[in-house]
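So you know, we letter chains A, B, ... as the sequences are listed, proteins then strands, and number each from 1.
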Number of protein chains: 2
Amino acid sequence: MKLRDEYTCPLELIHDMIKGKWKPIILWRLRLGATSLSKLENDIDGITQKMLLEHLKELIDYGFVDKKTFSGYPLHVEYFLTEDMGNQILEALRIMQHIGIEYLRKNGMENELTEKHVIPD
Amino acid sequence: MKLRDEYTCPLELIHDMIKGKWKPIILWRLRLGATSLSKLENDIDGITQKMLLEHLKELIDYGFVDKKTFSGYPLHVEYFLTEDMGNQILEALRIMQHIGIEYLRKNGMENELTEKHVIPD
DNA sequence: CTGGATCCCGAATGATACTG
DNA sequence: CAGTATCATTCGGGATCCAG
């Protein structure tokens with residue numbers, strides 16, 4: 001998931017930073033608070049540890065996510081959204097979530113909606 | 001750019017609908033008003049007519065964009081954002097644009113910013 | 001030993017060039 | 001413009017390595 005050398009506008013840059021099969025859902029899950037790699041792996045259906053690590057690494061590089069390593073036993077690492085970029089991008093994702101829910105409603109797919117889709121205030 | 005059969009949450013669905021190298025910038029350009037294929041091709045740096053058509057077709061299928069054909073001479077077609085989904089997704093893109101501009105500022109790349117990047121009120 | 005992180009490689013998908 | 005070929009990128013499996 002390399003960034004381009006040149007972008008026509010900043011919007012494209014950010015879009016590239018959060019694109020990929022798993023990035024949006026990782027960020028979305030992270031809105032609920034800091035958590036460990038293994039918890040993320042459990043919460044995000046279908047993802048493998050490897051994909052998770054790859055995408056987390058990029059999100060960290062770009063500044064949306066940060067991690068804290070607790071030394072001791074057992075080894076523990078926590079991933080969380082950054083104050084600035086992390087929380088800002090959440091706003092954009094919230095809008096997308098909203099559009100998505102409306103879209104499913106209009107197309108008679110409300111049944112696809114479960115509790116885990118609901119936007120918390 | 002196929003959609004998946006299943007999504008964990010609506011957000012992912014929408015993200016998939018606007019992913020692709022050219023879709024964000026097409027929507028972004030369309031915020032300025034309805035326009036023709038050739039004008040879009042001119043305004044969007046580096047895009048080919050083929051890519052433009054392919055991506056516009058998808059955006060129309062999903063409901064972000066619509067087109068109106070004016071019969072008569074010369075034949076004229078206009079593409080524009082839909083009232084509902086088109087304008088809603090713009091809000092998300094505006095946030096990304098905002099984050100992108102800040103990002104470039106912080107990293108001393110203000111020079112990358114030209115007038116065409118500015119967000120109109 | 002456990003949880004976290006990286007590497008290699010084939011398969012699938014996207015972007016672009018080329019052609020009629 | 002549509003169809004196809006080609007090239008680049010991403011996805012995902014599995015082995016492997018590192019650190020407490």
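dG4(C) atom C1' lies 18 Å from atom NZ of Lys68(A), rounded to whole Å. Across the protein-nucleic acid pair, Asp45(B) atom CG and dT16(C) atom C1' stand 16 Å apart, rounded to whole Å. One interatomic measurement links the two molecules: NZ of Lys21(A) to P of dA11(C), which rounds to 18 Å at whole-angstrom precision. In this structure, Phe70(A) places its CZ atom 17 Å from P of dG3(C), rounding to the nearest Å. Summarising the geometry, the separation between CG on Asp16(A) and C1' on dT9(D) is reported as 12 Å, rounded to the nearest angstrom. Whole-Å rounding puts the Glu12(A) CD to dA15(C) P distance at 12 Å. Asp5(A) places its CG atom 11 Å from the P atom of dT9(D), with the value rounded to the nearest Å. The interatomic distance linking Glu41(A) (CD) with dG3(C) (P) rounds to 11 Å, in whole Å.
When heavy atoms are screened at a 4.0 angstrom cut-off, Tyr79(A) is found touching the sugar-phosphate backbone but no base atom.
A residue-by-residue look at Ser71(A) and Thr48(A) shows that Thr48(A) has its nearest nucleotide of DNA chain D further toward the 5' end.
Considering only side-chain N and O atoms, Lys67(A) lies under 4.0 angstrom from the phosphate OP1 or OP2 of dA5(C). Distances shorter than 4.0 Å separate some side-chain N or O of Trp22(A) from OP1 or OP2 on dG12(D).
The CD1 atom of Ile99(A) lies 10.5 Å from the CG atom of Leu11(B); values are rounded to the nearest 0.5 Å.
Around atom NZ of Lys19(B), more than 12 heavy atoms belonging to other residues, nucleotides or ligands sit under 6.0 Å away.
At distances below 3.5 Å, not a single donor-acceptor pair connects side-chain atoms of Lys106(B) with backbone N or O atoms of Glu102(B). Side-chain atoms of Arg31(B) come within 3.5 Å of backbone atoms of Trp28(B) as a donor-acceptor pair (strictly under, hydrogens ignored). Put simply, the side chain of Lys57(A) never gets that close to the backbone of Leu53(A): no donor and acceptor are under 3.5 Å apart. Remark: the backbone N or O of Asp66(A) is not paired with any side-chain donor or acceptor of Thr82(A) at under 3.5 angstrom. Listed for the Glu12(A) side chain is a donor-acceptor partner under 3.5 Å among the backbone atoms of Thr8(A). In this structure a side-chain-to-backbone donor-acceptor pair under 3.5 Å is present from His15(A) to Ile18(B).
The hydrophobic cluster containing Ile26(A) does not contain Phe80(A), counting ILVMFWY residues as joined when their side-chain heavy atoms lie under 4.5 angstrom apart, directly or transitively.
Against DNA chain D, the stretch residues 49-61 of chain A makes heavy-atom approaches under 4.0 Å through Lys50(A), Met51(A), His55(A).
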Strictly under 3.5 Å: I want the nitrogen or oxygen pairs between protein and nucleotides 6-8 of chain D, one per line.
none

